[in-house]
Amino acid sequence: MRTVLPFSLAAGLAAAANSTTPSLLSSGDVDLGIYEAAYQKAKSFVSKLNTAQKVAVITGSDVNGTDFTWTALHNKDGFAGINSQYYVSGFPMGNALAMTWDRQHGEDEAKASGREFYMMGYNLINGPVASPLGRTPYGGRLPEGFSPDPYLTGAFMEKTVTGMNSAGVVTVGRHFLLNEQETNRSSSTHYSSNADDKTIHELYLWPFVDAVHAGMGAVMCSMNRVNSTLACENNKLLSGLLKHEVGFPGFILPDVSSQSTAYGSANAGLDFGSSSYWTTAVIEAGIANGSFTELRLDDMAVRNTIGYFFAGLDDGKQPDVAATTEYRDVRADHAKLIRKIGADSLALLKNHKSGSGGLPLNRPRTISIFGAHAGPSMAGPNFAFSVMGTDSDVYQGHVASAVGSGGLSNSYLATPFQALSLRAAQDGSMFRWIMNDTYSDTSSTSIFGGGSMGTGGLDMDSNSSDSFGGPQGESASSANSSMPTDMGGAGGAGEGAAGVMGTGTTVSPSIANYASDSEVCLVFINSWSGEGADRSELSNQDQDTLVSSVALNCNNTIVVINTAGPRILDQWVENDNVTAVVYGGYLGQESGKAIVDVLYGDVNPNGKLAHSIPRNATDYPVSICETAECALDEGVQIDYRYFDAHNVSVRYPFGHGLSYTTFEYGAFSAMKTDNAALNSKYPTGKLGLGGLKDLFDDVISVSFTLSNTGDLLGAEVAQLYVQYPSEAQQPVRQLRGFEKVALAAGEHKDVTFKLRRRDISYWDVIAQKWALASGDYTLSIGSSSRDLRGEVRVSVL
Ligand SMILES: *[C@@H]1O[C@H](CO)[C@@H](O)[C@H](O)[C@H]1NC(C)=O
Ligand SMILES: *[C@@H]1O[C@H](CO)[C@@H](O)[C@H](O)[C@H]1NC(C)=O
Ligand SMILES: *[C@@H]1O[C@H](CO)[C@@H](O)[C@H](O)[C@H]1NC(C)=O
Ligand SMILES: *[C@@H]1O[C@H](CO)[C@@H](O)[C@H](O)[C@H]1NC(C)=O
Ligand SMILES: *[C@@H]1O[C@H](CO)[C@@H](O)[C@H](O)[C@H]1NC(C)=O
Ligand SMILES: *[C@@H]1O[C@H](CO)[C@@H](O)[C@H](O)[C@H]1NC(C)=O
Ligand SMILES: *[C@@H]1O[C@H](CO)[C@@H](O)[C@H](O)[C@H]1NC(C)=O
Ligand SMILES: *[C@@H]1O[C@H](CO)[C@@H](O)[C@H](O)[C@H]1NC(C)=O
Ligand SMILES: *[C@@H]1O[C@H](CO)[C@@H](O)[C@H](O)[C@H]1NC(C)=O
Ligand SMILES: *[C@@H]1O[C@H](CO)[C@@H](O)[C@H](O)[C@H]1NC(C)=O
Ligand SMILES: *[C@@H]1O[C@H](CO)[C@@H](O)[C@H](O)[C@H]1NC(C)=O
Ligand SMILES: CC(=O)N[C@H]1CO[C@H](CO)[C@@H](O)[C@@H]1O
């Protein structure tokens, strides 16, 4: 059990935060591995600089030496696409990418996006994002990050860093650390996230470790304080954790208005900062009177340049920085990748396939779509850059990006309306729309007269012309030919309709009329957020009413959701008329096409939830902190960890997602692959990138056979969950492995998970080391965190 410290003690801990000595790369404490060659180049480069030139490097200025020049790195916002730039691609954002549970997609997207940055002349990219992690579902910047699970986020941090590195740019992992909300982040408050040592290690620091291990060259420290000290001036956080313990070799730069002192920040571990704090005079005076050291200045300059050499930016080939509106041919065939990743990220949460109901769609005769999210907003395809948050938690148009510095610069946006129109034309479907969440027209000129459709619905089997009212229609044959088959015997009604039923599609547009007159009803809803403000609701009444109104009249209502973070579905999800639910994050420029690929089965759904969906917003333990000091008392118990610990039944568990085919999990077995390691409580290796090197050694493997038992090609995300012995004081179970496996109908494959030492260690706060717990570890494999197909025990120590 975690004990909560009184505030007087917290102040004492802020003092402790100043006590760690700076971590100097020259100390040789870190085995730099893949960074060693870059280190030698950076050291040699810095040895040529005088103090003023070193100060220029750490404050972002160019340097003209006698026999060399240094061009400051070109920093740019965005990650899933270049923020504020013409003629570039908009890729799926982090919250969608994570839902693919496909590491290769993470690497491929980062490489393609990184390539666009590179070709536009940018080389220091503000992403990927692992904080916010998702302490609270209301966090406004969740779309930029991946998942509240640190292992899943860590996997994507690793792969996106690898992908960007291979594109020749330097990644800036952000926002370090505990930057879990937007409210009170800036100005005078800089809210303080006060978390204990165990929580920081096991939850929030974890994904940054993966990024460092993969070769991340820079980190942005966050606007909030940690234990009352500004994150960017927090010695324990920057020097203690990130550099000394995790072996980070690159440089730390501050988020907006997050540096407040000259020596305090530099001594704490900030490596890049403002020339108004760090003038040559101030730096020289500090060195002269002992407030600062030349060794640290050299270290800062080396750290600022090491990523540049690591990425190969010294090859003299990098293009100049493009003007914002300049045309450069950078997009290649990225649209295809964007569409594929988007489709592979969508999770099918519910599907009642029966007759013509449910998914996939098969040339439906009549389709009606509902909701503003189906089509373009009045003005598009992008939102104005804004760090002021959003006016509303829903958007009146299709959402495929967040707002703020992580926002995409879509050159165009394929909406569901556009993609469905094309598909309907190809299939010969009749296609109708009401792209407004609150549309209330119940015109009495409906086909059925008297507006009775508004509440009642159509008696499909009626042959009585009385139920339609009005004078006789003139053309029975036109009625006959244009009526959808699911209208059954009602086709005869054409003879009785007032030039309405009798002329086919001219059903008066009301929600009830369209819904009751369609073989399939697609309702599109969203939630919207971004930088500068948090969400205020996890569901929206207008949109929930829209779904319910459609479902009241349509027995084949399919709901498509694109959301910033968790979205509560309980007002309608159990309604039998809601036959399917497709759920996703922000998909980027090809959004509508990716959605249509899944709706029609061109892509068999294979995404899975990267967070839980509870039954009620009140099921979450924490919302937004509105005070200056925020106690993260829930510790590591966020998302499924909390729901599991408290036996809260959820609507859809973390890791859930259906397919149009079925999978079977065979018996599985575990094997210790490194007995020597498993007999040692603590790691014994040297410090490398990411921490003690043997933390990354494989120690246990788990194998099983996965079969596709259906009749369609499909992919399943198999998940490995670990339950520790009680000594470790861990959540009920936690994700420690996943593989996405594609299988043809009837095919089966052997799947092996490898657990690293790190994956079965807990943070021992006394020893200040990662430790193995003594006893039985229970390893479970399943299709979601609550659909486990079996378990096996392995005893350790
Ligand atoms: C820690 O360092 C910061 C920045 O130099 C300073 O403002 C703060 O007072 C120090 N805290 C303590 C408790 O010494
Ligand atoms: C370096 O030299 C270039 C070209 O000679 C000049 O444009 C630039 O302003 C100089 N920069 C500095 C920091 O002196
Ligand atoms: C913050 O304070 C907690 C005690 O409440 C301590 O366990 C933790 O190590 C501190 N972390 C940092 C980064 O100062
Ligand atoms: C060192 O010099 C700086 C700049 O003049 C000053 O701010 C600081 O207080 C001095 N520190 C000491 C220990 O004298
Ligand atoms: C909806 O109702 C119609 C008319 O009764 C029927 O033909 C159709 O099969 C039903 N669809 C579903 C998905 O139940
Ligand atoms: C949606 O329809 C309602 C009522 O019919 C109308 O008041 C509102 O302005 C419409 N919204 C938009 C975004 O067009
Ligand atoms: C409707 O009329 C047709 C043709 O007269 C007849 O075959 C059918 O059984 C009738 N349906 C009902 C429900 O009365
Ligand atoms: C209605 O359509 C059916 C099928 O195409 C056709 O057999 C029938 O003759 C048509 N009835 C009229 C009145 O046109
Ligand atoms: C389902 O839809 C049918 C119309 O197809 C309607 O009669 C029925 O009341 C609806 N059921 C619910 C629970 O809304
Ligand atoms: C959620 O819980 C609140 C408070 O108990 C309740 O008023 C509300 O109806 C619940 N919402 C749903 C969707 O069940
Ligand atoms: C949750 O359920 C388990 C198993 O039924 C039980 O052991 C545990 O005490 C329950 N926890 C809570 C918080 O109710
Ligand atoms: C301490 C502080 O600044 N609290 C503010 C945090 O934000 C909320 C919501 O905007 C304000 O009401 C608080 O005053």
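Both ligands and their constituent atoms are indexed starting at 1 by order of listing.
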May I ask whether [atom] is less than 4.0 Å from at least one protein heavy atom?
{"atom": "atom 2 (O) of ligand 6", "result": "yes"}
{"atom": "atom 14 (O) of ligand 10", "result": "yes"}
{"atom": "atom 9 (O) of ligand 4", "result": "no"}

Checklist line | Donor-acceptor pair between Thr563 and Ser527 side chains, under 3.5 angstrom | finding: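 Ser527 and Thr563 do have a side-chain donor-acceptor pair below 3.5 Å.
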
Notebook entry, point to check: Between Ser783 and Lys608, is any side-chain donor less than 3.5 angstrom from a side-chain acceptor?
Noted result: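 Side-chain D/A pair, Ser783 to Lys608: present.
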
Margin query: To the closest 0.5 Å, what do you measure between CG (Leu420) and CZ (Phe431)?
Written below: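 It comes to 5.0 Å.
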
Checklist line | Electrostatic pair Glu233-Arg225, nearest N-O below 4.0 angstrom | finding: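 Here Glu233 does not pair with Arg225 in a salt bridge, since their nearest N and O are not under 4.0 Å apart.
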
Next item on the list: Please indicate whether any nitrogen or oxygen in Gln396 is less than 3.5 Å from any nitrogen or oxygen in ligand 6.
Entry: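 No - when backbone and side-chain N and O of Gln396 are compared with those of ligand 6, no distance drops under 3.5 Å.
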
Next item on the list: From atom 5 (O) of ligand 4, work out which of Ala285, Gly286, Ala288, Gly290 has a heavy atom at the shortest distance.
Entry: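 Closest candidate by heavy-atom distance is Ala285.
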
Check: Considering only heavy atoms of Thr618, which atoms of ligand 10 have at least one such atom less than 4.0 Å away?
Finding: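 Reading through ligand 10 atom by atom, the close ones are 2 (O).
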
Item checked: Audit row: Phe654, Phe643, side chain to side chain contact (heavy atoms under 4.5 Å, CB included) steps and yes/no -> CA-CA 10 Å; Phe654 175 81; Phe643 298 130; over 6 Å; no

Notebook entry, point to check: Where do Phe417 and Phe524 land on the side chain to side chain contact (heavy atoms under 4.5 Å, CB included) test, with the steps shown first?
Noted result: CA-CA 10 Å; Phe417 171 73; Phe524 290 84; over 6 Å; no

Note to self: I want to know if ligand 10 touches Asn616 in the polar sense, i.e. an N/O pair below 3.5 angstrom.
What the structure shows: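 Right, the criterion is met.
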
Notebook entry, point to check: Against heavy atoms of Ser291, which atoms of ligand 4 measure under 4.0 Å?
Noted result: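 That gives atoms 1 (C), 10 (C), 11 (N), 12 (C), 13 (C) of ligand 4.
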
Item checked: Close-contact set for ligand 6 against Thr438 heavy atoms, below 4.0 Å ->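 Near Thr438, meaning under 4.0 Å from one of its heavy atoms, ligand 6 has 1 (C), 2 (O), 3 (C), 4 (C).
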
Next item on the list: State the atoms of ligand 6, each with its element, that fall below the 4.0 Å cut-off from a heavy-atom position in Ser440.
Entry: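 In order of number, 4 (C), 5 (O).
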
Notebook entry, point to check: Any idea which protein heavy atom is nearest atom 12 (C) of ligand 6, and the distance to it?
Noted result: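 The answer is Asn436 ND2, 3.4 Å.
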
Notebook entry, point to check: In the protein, which heavy atom is nearest to atom 7 (O) of ligand 4, and how far is it?
Noted result: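 The answer is Tyr263 CE1, 4.2 Å.
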
Note to self: Check whether Tyr514 forms a cation-pi arrangement with Arg432 (NZ or CZ under 6.0 Å from the six-membered ring centre, at most 45° off the ring normal).
What the structure shows: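 Flagged: Arg432 positioned over aromatic ring of Tyr514.
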
Item checked: Arg296 and its side chain to side chain donor-acceptor pair (under 3.5 Å) partner, picked from Asn267, Asp271, Thr21 ->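 Looking at Asn267, Asp271, Thr21, the match for Arg296 under the side chain to side chain donor-acceptor pair (under 3.5 Å) is Asp271.
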
